[in-house]
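Structure first, then comments.
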2 protein chains.
Amino acid sequence: MDPVKSPDQVTIADVARHAGVAGSTVSYVLSGKRAISEVTRNRVLASVRALGYHPNAGARALASRRANVIALVLPLRSGMQVPVVMQFAMAVVTSARRFDHDVLLVTSDEGPAGLRRIAASAMVDGIVLMDVELDDSRVPLLRELARPSVLIGFPADAAGLTCVDLDFHRAGQVCVEHLAELGHRQIALLGAPAAVYDRGTGFAHRTRSGFTEAAARHGMTAVTRPFEEGAAAVRQGLIELLDHHPDLSALVVQNEAAVGPVLATLPTLGRRVPQDVSVVGICPDRFAEQASPMLTSVPVPAEEVARQAVALLMSKLRDEPVPAATLLGPRLTVRDSTAAPPAG
Amino acid sequence: MDPVKSPDQVTIADVARHAGVAGSTVSYVLSGKRAISEVTRNRVLASVRALGYHPNAGARALASRRANVIALVLPLRSGMQVPVVMQFAMAVVTSARRFDHDVLLVTSDEGPAGLRRIAASAMVDGIVLMDVELDDSRVPLLRELARPSVLIGFPADAAGLTCVDLDFHRAGQVCVEHLAELGHRQIALLGAPAAVYDRGTGFAHRTRSGFTEAAARHGMTAVTRPFEEGAAAVRQGLIELLDHHPDLSALVVQNEAAVGPVLATLPTLGRRVPQDVSVVGICPDRFAEQASPMLTSVPVPAEEVARQAVALLMSKLRDEPVPAATLLGPRLTVRDSTAAPPAG
DNA sequence: GACGTCCGTCGAAGCGCTTCGACTTGTCGC
DNA sequence: GCGACAAGTCGAAGCGCTTCGACGGACGTC
């Protein structure tokens, strides 16, 4: 047991000396890029442990031209969807670690310049972009960036990009189909806040189109409207909606923040759930399970999406071909908030 | 306009050549660590822009022994508090960028080994640790790590550490004082889920102690109990609580997820807010404003806490002395959910 | 007018790692 | 028993940057 050379950091040279081999040999043991004899490998690994060696990330990045870091770009405007975004972020980190990568958290508030900086400085090998809008200013940049990237969500023009997302169009359909089977004929979609549609956020538009199309196919009467967040706004919206469409027997809610208020308000308007009106949510399972009654829902499988995104990015980093679009099939979980429409 | 040398990356040598100076001069222009004449500086900066130069992060880190990156360590168990955690994270990123630092997102699921790896590999210069528990296994590690760190939250033994947080003890007091002024005598604290107390999470315990102490000081009758999340659980909890303590005229709710259900449930139990019972929330302003009625609340100033944490860390990186504890004063915003108790 | 003093700039030496020949053995085929 | 070849290891050359000491010239001083 020598006293450690530098108090600051154990280098590969220290390990080499301790194990009685060349520095390059240590490197090859650690990377596995050349054959090393069993005995040497073990000796080296023992020294690594004995000295508590961790390769210097900067030096490694410089020499190998790989930082082993990916960027996760989040929207700064964190308005809605916060828990889902969080779930994504955590899952991206966990997935990346499985591939021995770390995650640099980047917000969009620096704008394209921020992305450019991160990419050009070789801080990261690849980029995962969240909360993509239909017409996203960061997207053209991505194409010219010369670093592989994966988008969570679909922009209007996805040519040349790799995108992953829940199939929201299908999700809209699935909700309608479930209600159709139960016998509902008059349904409504309570969507995201108007601002989200205006912003051209893909999932909101795609859910609506799936919803509308499936309703038409089943000969149902369907209305859709944006819904603001907040208990008071939800109550007001519901009153107006039921006033204009008193025969509605089912609602699809795509707005996490509105789920609770909707369920709380309906009974006060004389509509029991599910006897008088059925409710389907497009929201995380946690919300659905905590609601009362427990909500029939289509969750956004954040973890699965994140895992896929990271896996795709890793493939691209290895120059393997990947599919341009990955759409995850929605699963609808039936709980206590949906039933057949009232007899009348 | 030369054609760019390497398609891959513009180096400092390219800039130097383009500007007709030495590489070191470019470096000094960019870092400002030595005097450079106005004319040279401008020529260099022009070349930097013309070539679109961005320093290679790895090389810079290697040579300067500063990565210009800080680690943000989040709990993996993201159970409650998700929006607040998210707010913290975003604010940490934004604040760090002001100091020209980036943020590496780390989860606790690798355990101490993960922290050790990050620190030893010199990937980050410092660490911000969130969601600290009273007896946190990562804390002892932090002391031996030789990288500066700042905690958001307080462990039981904070010796030798730098901690920032809302003064939850005071927050509990402030809520009580507001209710005392209105004339309430019988109050209750609806706390975090039992698991959070069991885990020894500091803010929950400290709020409770502040609440209890202030109530005693004002001669009020005070009960406290953990509250689970979920609409049904809240309803059940409220029913039991009001059953045992029918004279309660005010509630303090420290559980974001319970705020909505509490407000929705009380009227169904024949208690109007605020005429029959007042409610104070300890929750983000967004929740309070979206509630109906709008909630008198003490927000957790996530952005301010994050900003402080980053600023403290930057001071430590510059070897400046910093206070061991930074407690932010709570502000109570009066809205529509509190009033004098009913006359009877 | 000779001498210290700055100011502004340069060249070179690393930072700790990966990677590319090249070299030394041992092994096999015939 | 000799060439061919593979397996295992080493040394050295960078990767792109920062930083230190040195150096030339402009300036002020006595």
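Lettering follows sequence order; numbering is per chain, from 1.
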Inset, instruction - Check every strand shown and say whether A:S64 touches a base, only sugar-phosphate, or nothing at a heavy-atom separation below 4.0 Å. - result: sugar-phosphate
Inset, instruction - Any pair with a residue in residues 44-60 of chain B that passes salt bridge (Lys or Arg N to Asp or Glu O under 4.0 Å), sequence neighbours left out, goes on the list, sorted by first then second residue, please. - result: none
Legend entry - Atom-to-atom span, CE of B:M123 to P of C:dG16 - whole angstrom: 17 Å
Legend entry - N/O (side chain, B:S24) to phosphate O (OP1/OP2, C:dA12) under 4.0 Å: no
Legend entry - Donor-acceptor contact present, side-chain A:S315 to main-chain A:A311, <3.5 Å: yes
Legend entry - Whole angstrom value for the distance that separates C1' of D:dA7 from OH of A:Y28: 14 Å
Legend entry - Separation of atom CD in B:Q9 from atom P in D:dG16, rounded to whole Å: 6 Å
Inset, instruction - Between B:H54 and B:R34, name the one whose nearest nucleotide on DNA chain D is closer to the 5' end. - result: B:H54
Legend entry - Position toward the 5' end of DNA chain C (nearest nucleotide), B:A22 or B:A63: B:A22
Inset, instruction - List for me each residue that meets side chain to side chain contact (heavy atoms under 4.5 Å, CB included) alongside A:D135, sequence neighbours excluded, and say none if there are none. - result: none
Legend entry - Residues A:R147, A:I118; criterion side chain to side chain contact (heavy atoms under 4.5 Å, CB included); working and verdict: CA-CA 10 Å; A:R147 299 233 176 257; A:I118 294 285; over 6 Å; no
Inset, instruction - Check the distance between D:dT18's P and A:L62's CG and give it to me in whole angstrom. - result: 12 Å
Legend entry - OP1 or OP2 of D:dG16 under 4.0 Å from side-chain N/O of A:R65: yes
Legend entry - Rounded distance in Å - CZ (B:R17) to C1' (D:dG16): 12 Å
Legend entry - Rounded distance in Å - CG (B:N56) to C1' (C:dG16): 14 Å
Legend entry - Neighbour count >12 (heavy atoms, 6.0 Å) for atom CZ, B:R143: yes
Inset, instruction - Ignoring backbone atoms, test whether B:S27 places a side-chain nitrogen or oxygen under 4.0 Å from the OP1 or OP2 oxygen of D:dT18. - result: yes
Legend entry - N or O in side chain of A:R60 less than 4.0 angstrom from C:dG16 OP1/OP2: no
Legend entry - Spacing between A:D14 atom CG and C:dC17 atom C1', to the nearest angstrom: 13 Å
Legend entry - Residues B:R116 and B:E144 bridged, charged N to O under 4.0 Å: yes
Inset, instruction - Could you tell me whether the phosphate oxygens of C:dT19, OP1 or OP2, come under 4.0 Å of any side-chain nitrogen or oxygen in A:K33? - result: yes
Inset, instruction - Using a cut-off of strictly less than 4.0 Å, decide whether A:T25 has a side-chain nitrogen or oxygen near OP1 or OP2 of D:dC10. - result: yes
Inset, instruction - Have a look at the helix from C:dG1-D:dC30 to C:dC30-D:dG1 and give the angle its two end axes make, five pairs each, rounded to 10 degrees. - result: 30°
Inset, instruction - Figure out the CZ/C1' separation between B:R41 and C:dT9, and round it to whole Å. - result: 13 Å
Inset, instruction - Taking only the side-chain nitrogens and oxygens of A:Y53, find out if one of them lies under 4.0 Å from OP1 or OP2 of C:dC17. - result: yes
Inset, instruction - Look only at the side chain of B:D102 and the backbone of B:V69, and say whether a donor-acceptor pair between them is shorter than 3.5 Å. - result: no
Legend entry - Single hit among B:V73, B:V85, B:V84 for side-chain contact (heavy atoms from CB on, under 4.5 Å) with B:M130: B:V85
